[in-house]
Amino acid sequence: MPDETQSATSFVEKPKTLAALREEISSGRTKATDLAASYYARIEEKNPRLNVYLSLTKERALAQAARIDALAAKGDPLPPLAGVPMGIKDALVVQGAPATAGSKILKGYQPPYDCTAVARLEAAGAVLLGKLNCDEFAMGSSNENSAFGPVRNPVDPERVPGGSSGGSAAAVAANLAVATLGSDTGGSIRQPASFCGVVGVLPTWGRVSRYGLIAFASSLDRVGPFAAHVRDAATLLGAIAGHDPMDATCSAAPVEDYAAASDKPAAGLRIGVPAEYFAEGLDAEVRAAIEKGIAALEAAGCSIHPIALPHTKYAVPAYYLIATAEASANLARFDGVRYGYRSPQSTSLAGMYAHSRDEGFGAEVKRRILLGTYALSAGYYDAYYRKAQQVRRILAEEFLRAFAQVDAIVTPTSPFPAFKIGEKTGDPLAMYLADIYTVTASLAGICGVSVPCGATRAGLPVGMQILAPHLGESTAFRVARAVEAAG
Ligand code: GLN
């Protein structure tokens, strides 16, 4: 046995495909209960170093796996995700399991219900192993803002996994789950997927119910899957997408068969390449890897078209105004009364609010609440918040014009590969600029996929972001399959 702690890449292991797992379970060669137990054994061994799981839901997982085994033993038809071991970002609520959203302020909170995405996964047969670490209230790009310590990147444990859904990306990269759920407000699925070398999906805003997602910025928040294989990410999106009476903003548009759509060759698709995403600040090795990916798409029969998205440079400021404004309102509910933590120090009602919030929230969350409150305050509203909303509209229109000419747009997901833990924590602005390529699609409401696309010389994964118009997920998956096949 090689000593696994010796190798920097020893934590990386690719999960099997859903199709392979299904074959093993339906043929009786693998029992869902044994599979779940083997994942728990692996978690016990690797999690102390990676800090991916915050809590485990063993009892529920083993009961669900036993149900699947009983069906298989009877020869009954198995649900589509039968026995698939999955992890859930801790910003999504699961009944009876602690939900922290990476914050101390939710200490002791036990949600009384399942979020819609989790309920749908379980109805489809998935086995939920536990809850995954993330930046506090999903605010961050490195997972270093978690109150429970940073997640380590399985590719290189000295580096961040990206954020805010860092645990969700790292769990798949280290095979501590076959697939996971995360949330993406400004890049929190796509960026960690790219840093960890896995597939991450940003569904169209409204495609997946937000019921049971602890809100950060409601007009931007989305729930989406991570997987090791593009087709599996497509299958998972199909399982969680669709109308939900519990979320009035959830789209009633029919859910396509995304997995089948991803089987269609990408040949004939028109691919736009925006110059603004290849400008100053892009790491040379990331650029080279993405250019190779674009050449592979051309070789697969796509046509490549240079396009312009000139308002891209306004996206980071607009995003950080709108996201913080909405966060300042959403986080008002954490007051020491309704949920979790209450400061023992209080002698008055106002003091109880102030102390509870001061002791319960971390530094980044406080910074965002202050920024957002400022942007919304009388006298500044027009100059900041309204202006940001105008920029948002212009960005969305710019994308719509581009999608009249091309079927999909490809860019790097992040300007640089995974950075070292601690490297950017002293400079919030440098951290915010990590989101430069992802916040545009967030503001526009369009969909996308981050797919692994080569690596740097040091072996750090590079992700290609594939953007498609509203409800154009099938197209994004087709392109992603072509990139994956070329890799
Ligand atoms: N990194 C971005 C932020 O800190 C995006 C986070 C997210 O998508 N939840 O706001």
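When a ligand or atom number is given, it counts from 1 through the structure's own listing order.
For ligand 1, the polar-atom distance check finds no N/O of Lys89 at less than 3.5 Å from any of the ligand's N/O atoms. For the pair Met139 and ligand 1, the shortest N or O to N or O distance does not fall below 3.5 Å. Between Phe216 and ligand 1, no N or O atom pair is found at a separation short of 3.5 Å. Distances between N or O atoms of Ala138 and those of ligand 1 include at least one value under 3.5 Å.
A donor-acceptor contact closer than 3.5 angstrom is absent between the side chains of Asp407 and Thr475. No hydrogens or angles considered: nothing links the side chains of Ser194 and Thr413 as a donor-acceptor pair under 3.5 Å.
The two residues Phe399 and Ala444 come nearest to each other via the heavy atoms CD1-CB, 3.6 Å. Here the closest non-hydrogen pair linking Gly163 and Asp135 is CA-OD2, 3.6 Å.
Looking at Asp435 against ligand 1, only its side chain comes within 4.0 Å, counting heavy atoms. Contacts between Ser164 and ligand 1 below 4.0 angstrom, taking non-hydrogen atoms only, involve the side chain exclusively. Neither the backbone nor the side chain of Tyr432 has any atom closer than 4.0 Å to an atom of ligand 1 (non-hydrogen atoms only).
In this structure, Ala323 has no heavy atom closer than 4.0 Å to ligand 1. The closest approach between Tyr320 and ligand 1 falls below 4.0 Å for a heavy atom of the residue.
For Lys424 and Phe416, the positive end sits near the middle of the six-membered ring, less than 6.0 Å away and at most 45° from its axis.
Partners of Phe148 according to the ring pair (Phe, Tyr, Trp, His ring centres under 6.0 Å) rule, which considers only residues two or more places apart in sequence or in another chain, do not exist here.
Of all the listed residues (Arg222, Met431, Gln191, Arg368), Arg368 holds the heavy atom that lies closest to atom 4 (O) of ligand 1.
Of the protein's heavy atoms, Ser188 OG, 2.3 Å lies nearest to atom 7 (C) of ligand 1. What sits closest to atom 5 (C) of ligand 1 on the protein, heavy atoms only, is Tyr319 OH, 3.3 Å.
Counting non-hydrogen atoms of other residues, nucleotides and ligands closer than 6.0 Å to CZ of Phe419 gives a total above 12.
A perpendicular orientation is assigned to the rings of Phe216 and Tyr319, their planes being inclined by more than 60° (bins at 30° and 60°).
Applying the 4.0 Å criterion to heavy atoms of Gly140 picks out, from ligand 1, the atoms 1 (N), 2 (C), 3 (C), 4 (O), 6 (C). Less than 4.0 angstrom separates some heavy atom of Gly186 from each of these atoms of ligand 1: 5 (C), 7 (C), 8 (O).
A salt bridge links Asp358 and Lys366; the closest N-O separation between the charged side-chain nitrogens and carboxylate oxygens is under 4.0 Å.
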